[in-house]
Amino acid sequence: MDAIQQHMIDSYRAAQHGELPPPLPGRHDWAVVRDVRDRRRFDAVMAGLPARRRWRTALRELLTHGHHLTPPDKSSRSGA
């Protein structure tokens, strides 16, 4: 059963009980994303870290400060 079918069943049940229908699927997705972001910022502040750090900034920092994302070269091993 997908989200639309579940919504239709929940709406039918709500109508039978005289209640308001549930919100459409996906209606509050961006609010959830904002809440998660705010929680991460709060946790960072509580840990003494900077609160605002964007993904692009973090990725640029990771790539430009000598961190290697590839595994070490296997040809330098002895006995291979």
Sequence neighbours excluded, the answer for side-chain contact (heavy atoms from CB on, under 4.5 Å) partners of Gln16 is Tyr12
Suppose we screen for side chain to side chain donor-acceptor pair (under 3.5 Å). Which residues come up paired with Gln6, at least two apart in sequence or across chains?
Asp10
My understanding is that only residues two or more places apart in sequence, or in another chain, count here; which of them pass side-chain contact (heavy atoms from CB on, under 4.5 Å) with Pro21?
Ser11
Return each pair, listed once, that meets salt bridge (charged side-chain N to carboxylate O under 4.0 Å, His left out) where at least one residue sits in residues 29-39; pairs must be two or more places apart or across chains.
Arg39-Asp43
Check side-chain contact (heavy atoms from CB on, under 4.5 Å) between Leu20 and all other residues, then give those that pass, not counting sequence neighbours.
none
Apart from Phe42 itself, what residues make up its hydrophobic cluster when side-chain heavy atoms of I, L, V, M, F, W and Y under 4.5 Å apart count as a link, directly or indirectly?
Met46
Under the rule for side-chain contact (heavy atoms from CB on, under 4.5 Å), what residues qualify as partners of Leu24, not counting sequence neighbours?
His7
